[in-house]
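Written below as structure tokens is the structure these notes are about.
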Amino acid sequence: MSQQQVSRINDVLFYIHQDISRELSAKELANVAAYSEQHFHRIFKNVVGESIHQYIRRTRMEYAANQLMFDTKSSVLEIGNKCGFSSVSSFSRAFKATFDMSPGAWRKHDLQVAEKPYLKDSEVAEGYHRVEKLTLPKPKIVEVPHRFAAYVRHEGYNRTIRNAWLVLKAWANSENRDLSIQYGLHHSNPAWVELDKCRYVACIAIDKPLKYRGVVNQMTIPGGLHAVFRLTGVYGELLPQISIVLEKWLPTSGFKLRSTPAYVHYHQNHFLNHEEAFELDFYLPISFL
């Protein structure tokens, strides 16, 4: 595959994740990529590893799982509608095919005792036991501006994320770009998505567009209302802390989770320092309705 193909499909992925709840037809997405619809299907699968329909459905099911767990006031039908389904039956079939249980059963199961995929990783499991009794810092509720960024996509929430950062760092040095403002987009909830399937995006703030796009591309990180938590720790402790925010703070906060991705603003990036220590602000997209 060429860098141009990767760049065009990256544009499509960015478009999808801006709002996963809206209608996303293959024809519309092919137009975003500037391909014919038939050619688009083939290129998308070559770049991403699954068909466009599989990718959208899996992403919507992950979003639905979050909404079912953390938005207890909305009905199953309302959440299904947000994910592009017109009936409870079609939504339930798709959800059960992904998570092996109905939306109603998912909503009732206890997150505190449910098996979390990230606990299969020994270092993350150790981190979980270190922070599970942690008292959460009080978040700031703020309106956040859109952020213009260069980025590298990565699949997997593990140490291999460092590879994405090294690519981005090398690119920034070659382009004489400032690397100091660093963000990490978290598209997946590792409480129920296997770590090697979680989708992450390494980003740095930029003040001017890219001349050439390929492995490194550009996008605008969505702004809006966010709850911002200052989190610190070492490798293995971040995912459990994010889970605590989602499982303990969000359901009692009075807010709903929006469909744009959560992200972190690194003050100390544990993928780029030898101590593997982090200090960051975790931005959780929220709404009143």
Side-chain angles (χ1 to χ4, degrees), residues 14 17-22 59-60 62-75 78-79 81-83 107 111-112 116 118 127-128 131-149 151 157 180-193 198-205 219-233 237-270 277-289:
F14 169 63
H17 286 284
Q18 277 185 308
D19 185 359
I20 194 62
S21 63
R22 65 185 166 183
T59 303
R60 281 179 166 164
E62 292 174 16
Y63 173 60
N66 281 329
Q67 293 297 320
L68 288 164
M69 190 58 65
F70 305 129
D71 179 9
T72 57
K73 293 182 180 179
S74 294
S75 68
E78 288 171 329
I79 291 172
N81 288 342
K82 286 182 181 179
C83 298
R107 178 168 262 176
L111 270 179
Q112 301 306 315
K116 297 175 173 64
Y118 63 70
Y128 175 82
V131 305
E132 62 180 330
K133 303 297 184 183
L134 183 73
T135 300
L136 283 174
K138 290 185 178 180
K140 296 179 180 179
I141 308 300
V142 294
E143 282 283 343
V144 177
H146 298 309
R147 306 185 192 276
F148 192 37
Y151 69 90
Y157 282 2
S180 62
I181 302 177
Q182 302 170 359
Y183 305 106
L185 271 66
H186 289 249
H187 282 302
S188 307
N189 187 335
W192 43 72
V193 179
C198 288
R199 297 182 300 279
Y200 175 90
V201 187
C203 309
I204 60 170
M219 69 171 172
T220 300
I221 301 173
L225 192 66
H226 287 72
V228 185
F229 295 81
R230 176 62 61 93
L231 304 177
T232 61
E237 295 180 357
L238 179 58
L239 299 185
Q241 289 190 55
I242 290 175
S243 284
I244 291 172
V245 170
L246 293 172
E247 294 172 16
K248 295 184 179 180
W249 179 82
L250 184 59
T252 61
S253 67
F255 295 103
K256 293 186 177 183
L257 186 64
R258 287 193 291 121
S259 59
T260 56
Y263 67 94
V264 299
H265 175 194
Y266 294 101
H267 303 293
Q268 186 176 14
N269 187 335
H270 54 314
F278 63 82
E279 181 177 357
L280 53 83
D281 290 320
F282 174 59
Y283 284 76
L284 185 69
I286 54 174
S287 67
F288 286 100
L289 301 173

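These values consider heavy atoms only, across backbone and side chains, with no hydrogens, waters or symmetry-generated copies.
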Nearest 0.5 Å, what's the [atom1]-[atom2] distance between [X] and [Y]?
X: E132; Y: K248; atom1: CD; atom2: NZ; answer: 7.5 Å
X: W249; Y: L136; atom1: CH2; atom2: CG; answer: 10.0 Å
X: N189; Y: L239; atom1: CG; atom2: CG; answer: 9.5 Å
X: I79; Y: Q67; atom1: CD1; atom2: CD; answer: 6.0 Å
X: E247; Y: T252; atom1: CD; atom2: OG1; answer: 12.0 Å
X: F229; Y: L280; atom1: CZ; atom2: CG; answer: 12.5 Å

Please check if the side chain of Q241 supplies one atom and the backbone of T232 the other of a donor-acceptor pair under 3.5 Å. yes
What pair of heavy atoms forms the shortest contact from [X] to [Y], and how long is it?
X: E62; Y: W192; result: O-NE1, 4.0 Å
X: Y266; Y: G184; result: CE1-N, 3.7 Å
X: P137; Y: R230; result: CG-O, 3.3 Å
X: C198; Y: V193; result: SG-O, 3.6 Å
X: T220; Y: F14; result: O-CE1, 3.0 Å
X: R199; Y: Y157; result: O-OH, 3.2 Å

Residues forming a ring pair (Phe, Tyr, Trp, His ring centres under 6.0 Å) with Y118, sequence neighbours excluded: none
Please, which pairs that meet salt bridge (charged side-chain N to carboxylate O under 4.0 Å, His left out) have at least one residue in residues 252-262, sequence neighbours excluded? D71-K256
Suppose the criterion is salt bridge (charged side-chain N to carboxylate O under 4.0 Å, His left out): which pairs have a residue in residues 180-193, not counting sequence neighbours? none
Test side-chain hydrogen bond (donor to acceptor under 3.5 Å, both in side chains), reference S259, set T59, D19, N66, output is D19
Would you indicate whether the side-chain heavy atoms of [Y] and [X] approach each other to under 4.5 Å?
X: L284; Y: F255; value: no
X: I221; Y: V201; value: no
X: H265; Y: I181; value: yes
X: K82; Y: S74; value: yes
X: L225; Y: F288; value: yes
X: I286; Y: S253; value: no

I need the single residue from H17, H226, H186 that forms a ring-ring contact (aromatic ring centres under 6.0 Å, His included) with Y263. Which is it? H226
